[in-house]
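Below: the structure, in structure tokens.
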Number of protein chains: 2
Amino acid sequence: MNDVKAGPEEEWVKSGEVRISDLAAELGLTKGTVSRALNGYEDISKKTRKRVMEAATKRGYVPTTQARRLAMGLTETIGLVLPPMPSQPVNTFISEFIHSVSAALHLHGYDLLVHSANSEESEVEPYRRLVQSRKVDGFIIFRTNEKDPRVNYLLNEGFPFVTHGRTARMAEHDWFDIDGEKAFRDATSHLIKLGHQRIGFVGGGKEFFSAQLRLKGFRTMLEESCLEKVPSLEQPGDLTGQGGEIAAQNLLKQTRPPTAILCANDATALGVMKAARELGFNIPEELSVIGYDGIALGAYIDPPLTTLTFSIEESGKEMVNLLMRRLKSPDLPVISKLASAILKLRGSEGPPSSIQNKNMENCL
Amino acid sequence: MNDVKAGPEEEWVKSGEVRISDLAAELGLTKGTVSRALNGYEDISKKTRKRVMEAATKRGYVPTTQARRLAMGLTETIGLVLPPMPSQPVNTFISEFIHSVSAALHLHGYDLLVHSANSEESEVEPYRRLVQSRKVDGFIIFRTNEKDPRVNYLLNEGFPFVTHGRTARMAEHDWFDIDGEKAFRDATSHLIKLGHQRIGFVGGGKEFFSAQLRLKGFRTMLEESCLEKVPSLEQPGDLTGQGGEIAAQNLLKQTRPPTAILCANDATALGVMKAARELGFNIPEELSVIGYDGIALGAYIDPPLTTLTFSIEESGKEMVNLLMRRLKSPDLPVISKLASAILKLRGSEGPPSSIQNKNMENCL
DNA sequence: TTGTAGGCGTTATCAG
DNA sequence: CTGATAACGCCTACAA
């Protein structure tokens, strides 16, 4: 169990009880020399370096992060602020995202500080505190709004960050996003090819920029396909299951309900499916539903949820890369990365039950 | 937008550019005095304190966390290590848990450091690194195994931590847990009262201690009710949806399949329901399913998942309280907290389709 | 190639 | 009550 075999004269110390000064004393060197040897400076004799290295491993020396960071003037820590709790109950996306970001940061020797916002205070307050107390070197922000106070604050402070999602000021900061417009064009097109002519859309709140782009993709494809645009088929949502339920009721209680519904995210789609079942609609026979995010549990419901998705692991990596670059060279020009989502067919969509053979010629 | 109204002669500085030495110089005091005034020491004249306070707010002084922590010899940070990624895809529990822990820590002025484990290295490796580099003052460990190497390591190091779940060495460390044994007795009893006589159980792997206790509760209630114990109705699982699928297949393909299945967690239950549907079982008419955890999305599937649950927010608070107590007084005796889960009926269980009126008299 | 000395920004312990 | 002075543990010029 315990792999420590203490020699006869050797006294064992608990982890982290060895200081750099101890090593120095033991080796008859100074702290400075030991430090440089350990940190791979060139101006150290091979012999000395070897001695130092060996002593370090032997005594189990590991530098104290706090002290090193203070001396170097950085925290090697990135902040991630979670949105207030109750708003996102049905969301595996967040934990998957945290995981991927944390793993990616770790490769760069950075830590992830997770902070939870409470709904009573302003959205920027947590960021302000973290910046002022200098607990982090940068932020990862997700689910951006078009006019995002967090972005405004950080840009104003000149504090490094990357967003997952675009904003009105996207020309001024690094960002990563998934091309939701294209994704929704694809999904809409898919539904149209299946024969759907009345397609509903449940959005994500007009502050949430990416949701706007998804709506845009939806509308664009409708136009290209000469389907009439019915305003009542576009419902607002809030990216939660509950929001989906309400929107679905508004859609399905209409005299001519849609035969398919596109949702701004998977949580919304789950709510839509729930409401649909309660109103007696069979999925996918009487109603097709498509979500967005690709959360894993979508595969475990009945029927499995067809969704638009992009690897969360990839997203995390990309964002971390952008952020690391920014930290290393603050003055580099802003860059961004736009990834394409994939339509993952799982079974919650299909041809409409009664295909009305309306004229479907290409309008051009 | 910008609430900073700089006076004519007043030069504005970015957040965190004011040092304690600046304040001291400005006020004609020493750093020490300023520090004590700010930290509420008693031996400071009211007048001086007031001057210091005002100057501090006026200049927007906020102490630099790194430096303060180095001086005080603590990190005010708690570590939480996430299990390797692919193992828990269907799990909102984790993000809800992170949220609650982080919020609770924040009330005590502590930060949460989230670290993700990768499956290639030993389970204790992340803990070892965090301890050695002194990045955290303590840990929150969840999903403990009966013989838990992480617990062994930390106990051996004498490093503070609290677990969510019991272990073989639970007498030696603080822990919080939900009384899974009682919970499963309750759930089993509920099913029996509904008329079920063949009840299946999908466990959580025999390393996972709490899952063992759940199994125990299940068995106890079976005995008390004189239902015969059928070994083939107890299947192992791994707390994932996939594990649930496999277990369900083993259960439902038997010549006399169970009419109800109890699952060690909700993720498992989702897998069970998926497999059941694929094998043509209607839920709850032909098969009742009960999960454990109370993840929010359980309410959004069809039928909504009946589950055993305890407020994740409460859990987080309790654990943080235990940990804070330990950090303040390392030598206090070990304490623990056992909470009762509630059976949340949502619709995935009901009476069996054909109630065989076997003799159901009380065996005593 | 190594030692010396100072600094990172606090808090803490003494005198005075 | 307040001012020196010394930690905290490490990094890094600069000097030798």
Side-chain angles (χ1 to χ4, degrees), chain A residues 13-53 55-56 59-77 109 131-137, chain B residues 13-53 55-56 59-77 109 131-137:
Chain A
V13 286
K14 290 203 315 191
S15 285
E17 304 267 290
V18 188
R19 311 274 100 101
I20 203 172
S21 53
D22 299 331
L23 282 188
E26 180 180 334
L27 294 168
L29 295 171
T30 55
K31 295 193 294 177
T33 308
V34 175
S35 170
R36 283 180 316 231
L38 255 22
N39 294 332
Y41 277 56
E42 289 303 330
D43 57 351
I44 293 284
S45 77
K46 277 202 165 175
K47 192 177 141 201
T48 304
R49 161 160 301 129
K50 200 180 164 196
R51 281 180 64 214
V52 172
M53 291 302 210
R59 304 293 298 270
Y61 169 76
V62 179
T64 301
T65 316
Q66 299 260 2
R68 199 170 45 79
R69 288 174 174 174
L70 175 60
M72 303 197 311
L74 38 77
T75 68
E76 295 177 323
T77 300
V131 167
Q132 290 184 337
S133 54
R134 271 139 295 176
K135 284 182 174 175
V136 301
D137 293 335
Chain B
V13 287
K14 288 202 317 190
S15 286
E17 305 266 290
V18 188
R19 312 274 101 99
I20 202 173
S21 53
D22 299 330
L23 282 189
E26 180 179 333
L27 295 168
L29 294 171
T30 54
K31 294 192 295 177
T33 308
V34 175
S35 171
R36 284 182 316 238
L38 255 23
N39 294 330
Y41 278 56
E42 289 303 330
D43 57 351
I44 292 285
S45 77
K46 278 203 164 176
K47 191 177 141 202
T48 304
R49 161 159 301 129
K50 201 180 163 196
R51 280 182 62 215
V52 172
M53 292 301 211
R59 304 293 298 267
Y61 169 76
V62 177
T64 301
T65 315
Q66 300 259 7
R68 198 168 49 80
R69 287 174 174 173
L70 176 61
M72 303 197 311
L74 38 76
T75 67
E76 294 177 325
T77 300
V131 167
Q132 290 184 338
S133 54
R134 272 138 296 178
K135 285 184 175 176
V136 301
D137 292 336

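Sequence lines set the chain letters: A, B, ... in the order given, protein chains first and strands last, and positions in each chain run from 1. Excluded from the calculations below are hydrogen atoms, water molecules and symmetry mates; all remaining heavy atoms, backbone and side chain alike, are included.
- Listed pair A/Y41 / D/dA13 fails the phosphate criterion, with no side-chain N or O lying under 4.0 Å from OP1 or OP2.
- Atom pair A/L38:CG and D/dG9:P shows a separation of 16 Å (rounding to whole Å applied).
- Heavy-atom distances under 4.0 Å link DNA chain C to B/R68, B/A71, B/M72 of residues 68-76 of chain B, given in residue order.
- In this structure, A/E42 atom CD and C/dT2 atom C1' are separated by 16 Å, rounded to whole Å.
- Within 4.0 Å (heavy atoms only), B/T65 reaches no atom of the nucleic acid at all.
- The phosphate of D/dC1 has neither OP1 nor OP2 within less than 4.0 Å of any side-chain N or O from B/T48.
- Counting atom types as modelled, B/K31 pairs a side-chain N or O with a base atom of C/dT10 as donor and acceptor under 3.5 Å.
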Distance-only criterion, 3.5 Å: show the donor-acceptor pairs between side-chain atoms of residues 65-74 of chain B and protein atoms not counting sequence neighbours.
{"residue": "B/T65", "atom": "OG1", "partner": "A/S133", "partner atom": "O", "Å": "2.6"}
{"residue": "B/R68", "atom": "NH1", "partner": "B/E76", "partner atom": "OE2", "Å": "3.4"}
{"residue": "B/R68", "atom": "NH2", "partner": "B/E76", "partner atom": "OE1", "Å": "3.1"}
{"residue": "B/R69", "atom": "NE", "partner": "B/T75", "partner atom": "O", "Å": "2.9"}
{"residue": "B/R69", "atom": "NE", "partner": "B/E76", "partner atom": "OE1", "Å": "3.1"}
{"residue": "B/R69", "atom": "NH1", "partner": "B/T75", "partner atom": "O", "Å": "3.2"}
{"residue": "B/R69", "atom": "NH2", "partner": "B/D111", "partner atom": "OD2", "Å": "2.8"}

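- At least one side-chain nitrogen or oxygen of B/T33 sits closer than 4.0 Å to the OP1 or OP2 atom of D/dG3.
- Across A/N39, A/D22, A/L23, a single residue satisfies side chain to side chain contact (heavy atoms under 4.5 Å, CB included) together with A/V34, and that is A/L23.
- Minimum interatomic distance between B/V18 and B/Y61 (heavy atoms only, all atoms of both residues): O-CD1, 3.3 Å.
- Distance B/K50 NZ to D/dC1 P: 16 Å, rounded to the nearest Å.
- Distance check, rounded to the nearest 0.5 Å: CZ of A/R51 to CD of A/E26 gives 9.0 Å.
- Atom CZ of B/R49 sits about 11.5 Å away from atom OG1 of B/T33, to the nearest 0.5 Å.
- Distance from the side chain of B/S35 is smallest to C/dT11 among C/dT11, D/dT2, C/dA12.
- Applying the 4.0 Å criterion to OP1 and OP2 of C/dT10, one finds that B/Y61 has a side-chain N or O inside that range.
- Of the candidates C/dT10, C/dT4, D/dG9, the closest approach to any side-chain atom of A/R36 belongs to C/dT4.
- For the OP1/OP2 pair of C/dT1 and a distance below 4.0 Å, the side-chain nitrogens and oxygens of A/S45 include no atom meeting the criterion.
- Base contact: A/T30 has a heavy atom under 4.0 Å from a base atom.
- Taking atom CG on B/L23 and atom P on C/dG9, their separation rounds to 13 Å, with Å as the unit.
- In this structure, the nucleotide among C/dG3, D/dC1, D/dC10 sitting nearest to the side chain of B/D43 is D/dC1.
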